[in-house]
Amino acid sequence: MAFQSYKQDENMEAAGKMTTLLRLFSYLLAYKAEIILVLFIMGICVAITLINPLIIETAIDTYIASSDIEGLIRLAVFGVFINVIFIILVKIRMFLMAKISNTVLLEIRNELYTHIQTLDFHFFDSRPTGKILARIIGDVNSLKDVLSNSVTTLIPDFITICSVVGIMIWKHPILALASLSSLPFMILGIWFIQTFSHKRWQIHRKKSSNLNAFVHEDLSGIKIIKSFAAENETLDSFQSLAKQHRDSFMAAVRLNDGFSIIEICEGIGKMMLYLIAIQIIGIDKVSIGTLVSFGLYLTMFWDPISNLSNFYNQIITNIAGAERIFEILDTKPEIFDEKNVGTLPPIRGEVVFQHVSFSYDDNTKVLHDISFHIHAGETIAFVGATGAGKTTIVNLISRFYDIQDGTVTVDGFDIKKVSIESLRSQMGIMTQDNFLFSGTVKDNIRYGKLNATDEEIIEAAKAVHAHEFIMKLENGYDTELKERGGGLSIGQKQLLAFARTMVSQPKILILDEATSSIDTQTELLVQKGIESLLKGRTSFIIAHRLSTIQKADRIFVINHGIIEEQGSHEELLKKQGAYYKLTMAQFL
């Protein structure tokens with residue numbers, strides 16, 4: 001999938017609405033006992049609802065007509081009693097369904113988040129973070145009413161409609177047909193609306209995702225926006241996306257408002273009921289109680305249809321959210337453990353590339369037939385121009401991407417044939433992105449080794465000379481950091497990220513421009529810590545500052561995806577080749 005900015009609508013494969021709904025409702029199967037209880041409660045509620053018109057008919061035709069006050073009171077007490085039970089049962093039903101639907105939402109959100117974490121970098125490279133966030137939060141939340149009403153509306157209201165029709169036909173077939181004469185118009189209206197509504201709600205979901213992605217990107221880059229005084233330009237973009245979001249919603253909801261046809265059909269039905277009763281059958285042949293009960297039953301017929309139409313509206317509105325969720329859940333990671341994959345045992349750190357070629361897009365090769373043998377404990381430095389392929393090589397060692405040709409082995413084990421967890425757990429990786437999480441300084445360092453003791457954390461911080469500045473913070477290692485380490489200097493953030501990597505005590509250490517944001521004086525201190533930590537570990541260092549890699553055992557000069565030359569600092573200077581030119585250019 002090509003990269004999608006916040007301006008681009010997401011492309012999705014069409015999925016059948018019924019398939020998506022069945023998949024969504026399958027989450028309810030884990031709560032069969034609770035749903036059966038809810039349905040039992042709903043059955044009692046439906047029965048009480050159907051009895052109420054009969055109570056009124058009896059009251060009018062039997063007790064009021066004969067002035068039987070005692071009988072009327074007994075009937076009224078009975079009616080109040082069963083309706084109090086009705087109210088209590090409705091409250092219980094609402095509580096149970098709220099609990100079930102929220103638990104299912106939690107399950108879906110956990111499943112979605114867990115699955116996203118298994119996806120490879122290709123997935124995250126292809127879409128803005130805000131669009132992913134929109135699915136985890138907004139799209140999942142949109143399913144709550146659908147899940148709840150699928151039980152409390154779909155089945156009970158369908159039973160109510162069938163029961164009402166049966167009772168009306170049993171009591172008076174002609175009046176029943178008159179009351180339901182407008183039903184064909186409603187069916188035609190529903191067909192027309194559902195044909196066009198789903199696509200409009202899909203568009204609205206996409207526009208909502210675009211707006212969410214823009215806001216996330218805008219807030220993440222707020223310092224750049226303010227630095228270039230670009231507030232007006234970003235405001236224009238926001239207003240444009242917000243307008244598209246509003247217009248797409250208005251277009252969708254305007255069509256859904258067409259379901260007001262139900263109220264029109266109900267009015268026509270009642271008009272036909274009274275017209276037929278008075279003009280054709282004759283008012284003397286239909287009791288007042290029967291006419292009143294028919295009016296109530298007619299309302300009871302159209303109210304569930306209105307509920308079902310609203311439920312259908314919810315489905316049309318939110319099925320697009322379910323489709324977007326399942327689209328991610330169905331995305332298969334490109335980097336995954338093969339069947340019967342082995343576990344990488346504790347390693348020494350020998351790394352071998354054999355005729356490795358790699359491309360990010362299957363078109364333009366980034367690496368061309370790379371081969372090298374790194375002995376355990378060696379320190380290797382990669383230098384070269386930006387885009388030469390240095391970071392790609394270390395990404396392949398970590399198996400963040402899979403190679404197209406050749407093999408990569410660690411201690412003789414093909415990294416494709418061992419579990420990803422057992423490989424990466426023995427590696428320490430520090431990139432240019434010194435991301436810090438909200439939490440304490442101690443928590444951020446412990447992220448490199450979740451069971452690290454306080455002593456190990458302090459030792460790692462001292463090794464990279466972060467201990468001194470940490471102790472000057474308000475609460476030392478217990479100081480709460482703001483989002484992304486706000487309030488710390490770039491150098492301090494990088495030192496903490498370095499300590500986080502070091503606490504894991506990796507067998508293979510990867511430093512990708514790890515000291516790029518540290519000033520020269522701090523770098524001299526860090527180098528002392530690095531030298532002690534590199535001992536006994538296979539280390540790969542990518543650095544544009546050539547002063548930081550002069551003590552490496554070997555230096556590889558990467559140029560256009562090939563190893564142009566390799567050797568120690570002194571050996572490469574004597575050759576007066578590419579490395580010599582880089583050194584002279586930098587120091588001059």
Side-chain angles (χ1 to χ4, degrees), residues 37-97 152-153 155-183 262-308 310:
L37 176 59
V38 170
L39 291 176
F40 175 73
I41 292 172
M42 291 297 298
I44 297 175
C45 291
V46 169
I48 293 173
T49 303
L50 294 172
I51 290 173
N52 280 332
L54 296 177
I55 292 175
I56 294 173
E57 181 182 3
T58 303
I60 294 172
D61 290 346
T62 303
Y63 296 111
I64 294 177
S66 61
S67 301
D68 186 351
I69 303 301
E70 292 183 4
L72 186 62
I73 292 174
R74 288 195 301 270
L75 188 63
V77 169
F78 174 72
V80 170
F81 174 74
I82 64 173
N83 280 280
V84 168
I85 293 176
F86 174 86
I87 293 171
I88 295 172
L89 292 178
V90 167
K91 296 294 184 183
I92 295 173
R93 181 211 74 192
M94 291 172 62
F95 171 77
L96 290 174
M97 279 313 304
T152 59
T153 297
I155 298 175
D157 282 350
F158 180 76
I159 293 173
T160 299
I161 291 170
C162 294
S163 301
V164 166
V165 171
I167 292 173
M168 290 171 70
I169 292 175
W170 168 68
K171 289 183 68 64
H172 204 297
I174 296 176
L175 289 180
L177 290 175
S179 302
L180 303 177
S181 59
S182 59
L183 195 57
I262 290 175
E263 285 74 21
I264 297 173
C265 290
E266 180 180 358
I268 294 173
K270 287 186 176 180
M271 180 186 69
M272 294 299 295
L273 167 67
Y274 298 127
L275 182 65
I276 296 297
I278 296 171
Q279 295 296 328
I280 298 178
I281 298 177
I283 192 64
D284 56 324
K285 295 182 179 178
V286 180
S287 69
I288 296 176
T290 299
L291 205 55
V292 171
S293 68
F294 255 81
L296 292 173
Y297 277 125
L298 192 56
T299 300
M300 289 174 58
F301 174 82
W302 287 106
D303 280 350
I305 287 182
S306 181
N307 292 338
L308 290 174
N310 289 332

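Just the heavy atoms: all of them, side chains too, but no hydrogens, waters or symmetry mates, feed the values below.
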Novice: Taking all atoms of both residues into account, what is the closest heavy-atom pair of G79 and I55, and its distance?
Specialist: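 Result for this residue pair: CA-CD1, 4.1 Å.
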
Novice: N83 and N52: side chain to side chain contact (heavy atoms under 4.5 Å, CB included), yes or no, with the steps?
Specialist: CA-CA 9 Å; N83 280 280; N52 280 332; 3.1 Å; yes

Novice: What is the minimum heavy-atom distance between L54 and L50, and which atoms define it?
Specialist: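 What the structure gives for the nearest pair is CG-O, 4.0 Å.
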
Novice: Write down the atom of L89, the atom of I41, and the distance for their closest heavy-atom approach.
Specialist: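 For L89 and I41, the tightest heavy-atom pair comes out as O-CG2, 3.4 Å.
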
Novice: Considering the options I44, T49, V77, I51, which one meets the side-chain contact (heavy atoms from CB on, under 4.5 Å) requirement together with I82?
Specialist: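 For I82, the side-chain contact (heavy atoms from CB on, under 4.5 Å) check succeeds only for I51.
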
Novice: Quick check for you: to the nearest 0.5 Å, what is the distance between I87 atom CD1 and I92 atom CD1?
Specialist: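 Between atom CD1 of I87 and atom CD1 of I92 there are 12.5 Å.
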
